[in-house]
Amino acid sequence: MSKQRILSGVQPTGNLHLGNYLGAIRNWVEAQSQYENFFCVVDLHAITVPHNPATLAQDTYTIAALYLACGIDLQHATIFVQSHISAHSELTWLLNCITPLNWLEDMIQFKEKAVRQGENVNVGLLDYPVLMAADILLYDADKVPVGEDQKQHLELTRDIAVRINHQFGKEENPVLKLPEPMIRKEGARVMSLSDGTKKMSKSDPSELSRINLLDPPDTIAKKIKRSKTDPIRGLTFDDPERPECHNLLTLYMLLSGKTKQEVANECENMGWGQFKPLLTETTIEALKPIQEKYKSVMEDRAYLESVLRSGREKAEEIANQTLHRVKTALGYSMPV
Ligand code: TYM
């Protein structure tokens with residue numbers, strides 16, 4: 001029996017932070033041998049907010065290199081760049097024409113980003129989830145491993161697929177496959193270091209709110225030292241009055257590889273003065289191998305380019321087949 005297929009992606013906007021790693025990439029790595037995997041760098045999504053053309057290509061290489069540095073294995077996975085495959089944009093147009101506008105206006109991320117951008121909201125920001133649906137549906141993905149914040153976009157993807165199948169397919173021969181979200185409980189929502197009720201995010205103006213995967217040890221130490229805590233002694237999970245405590249303990253648990261019970265026992269009598277150095281040390285140690293591997297991958301641009309070139313070839317073949325299937329279902333059947 002052939003393996004189920006996974007597709008996921010990350011935007012090349014700035015550095016990756018612990019939320020991206022613990023909510024998404026770490027889970028890709030852990031599950032990769034059980035699936036056929038496609039991981040893209042979604043550089044078309046990156047221009048839905050104001051971007052810098054001078055750094056887009058470099059940021060795209062950075063993310064691809066980080067995939068490898070975090071442990072994505074090319075034996076199991078194909079890594080590619082979204083803009084290299086024109087089928088992503090083309091399918092987006094076809095999906096646009098069957099997606100009701102109000103579905104997009106209801107998206108939480110759109111509303112949040114639109115508020116932040118004031119007057120400067122472009123059509124691409126509204127259309128972001130349709131492009132994401134195209135990314136997923138092109139590869140007939142069975143599972144999509146993401147953080148909690150992407151759940152609504154995955155529901156939309158399924159709704160779009162159902163709508164296409166209903167309007168243009170036959171029950172025994174659907175046009176598109178319905179993907180399932182794959183969201184792990186622990187790490188699905190890593191919170192800001194400055195406010196345990198807000199998610200850790202690339203767009204937070206404060207650098208102190210997040211730890212980036214490429215932060216040097218002294219920066220990590222500084223960020224953890226300055227992270228928000230509370231005056232209570234003894235550290236516990238799951239206290240709704242102590243969101244920062246829950247978040248920092250969860251980071252420690254995930255980065256140390258210990259179980260929740262082990263961490264709960266270890267930290268129940270600790271104060272912050274004892275815990276913060278422990279979390280600092282654990283974070284630095286967990287990120288060290290990623291940073292070392294990243295450096296070596298980035299030093300060999302020819303290798304990275306070859307990874308992305310062969311990724312493109314493999315991904316494009318599948319994407320074009322699906323695009324052809326959708327176009328045929330929609331009535332584009334004239335010979336060219
Ligand atoms: P991006 O780049 O914003 O986020 C990449 C991944 O990181 C997860 N994530 C988090 N997980 C836990 N805690 C956090 N604080 C946190 N912040 C971010 C996101 O859930 C995501 O899994 N729209 C996608 C990119 C995308 C995509 C796709 C994903 C485009 N096409 C197709 C899957 C399939 C996004 O938010 O990227």
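Predicted model only: the values in this text are computed from it and were never measured. Order of listing sets the numbers, starting from 1, for every ligand and every atom in it.
Annotation: side-chain contact (heavy atoms from CB on, under 4.5 Å) contacts of Tyr332 (sequence neighbours excluded): Leu94, Lys327, Leu330.
Few gaps surround CD on Glu268; more than 12 heavy atoms of other groups in view lie less than 6.0 Å from it.
Between the side chains of Asp43 and Thr60, not a single donor N or O lies within less than 3.5 Å of an accepting N or O. Asp73 and Gln32 form no side-chain donor-acceptor contact under 3.5 Å, judged by distance and modelled atom types alone. Residues Ser192 and Arg210 bring no donor and acceptor atom of their side chains to less than 3.5 Å of each other.
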Dump all N/O pairs between ligand 1 and the protein below 3.5 Å as a table: atom names plus distance, one pair per row.
unit_1	atom_1	unit_2	atom_2	d
ligand 1	2 (O)	Gln11	N	2.9
ligand 1	2 (O)	Lys202	NZ	3.0
ligand 1	4 (O)	Asn20	ND2	3.4
ligand 1	7 (O)	Asn20	ND2	3.0
ligand 1	11 (N)	Gly19	O	3.1
ligand 1	13 (N)	Val190	N	2.8
ligand 1	15 (N)	Val190	O	2.8
ligand 1	15 (N)	Met200	O	2.9
ligand 1	20 (O)	Gly147	N	2.8
ligand 1	20 (O)	Asp149	OD1	2.4
ligand 1	22 (O)	Gly147	N	3.2
ligand 1	23 (N)	Tyr128	OH	2.6
ligand 1	23 (N)	Gln150	OE1	3.0
ligand 1	31 (N)	Asp135	OD2	2.6
ligand 1	36 (O)	Gln150	NE2	2.7

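Between Phe80 and Tyr139, the distance from one ring center to the other falls under 6.0 angstrom.
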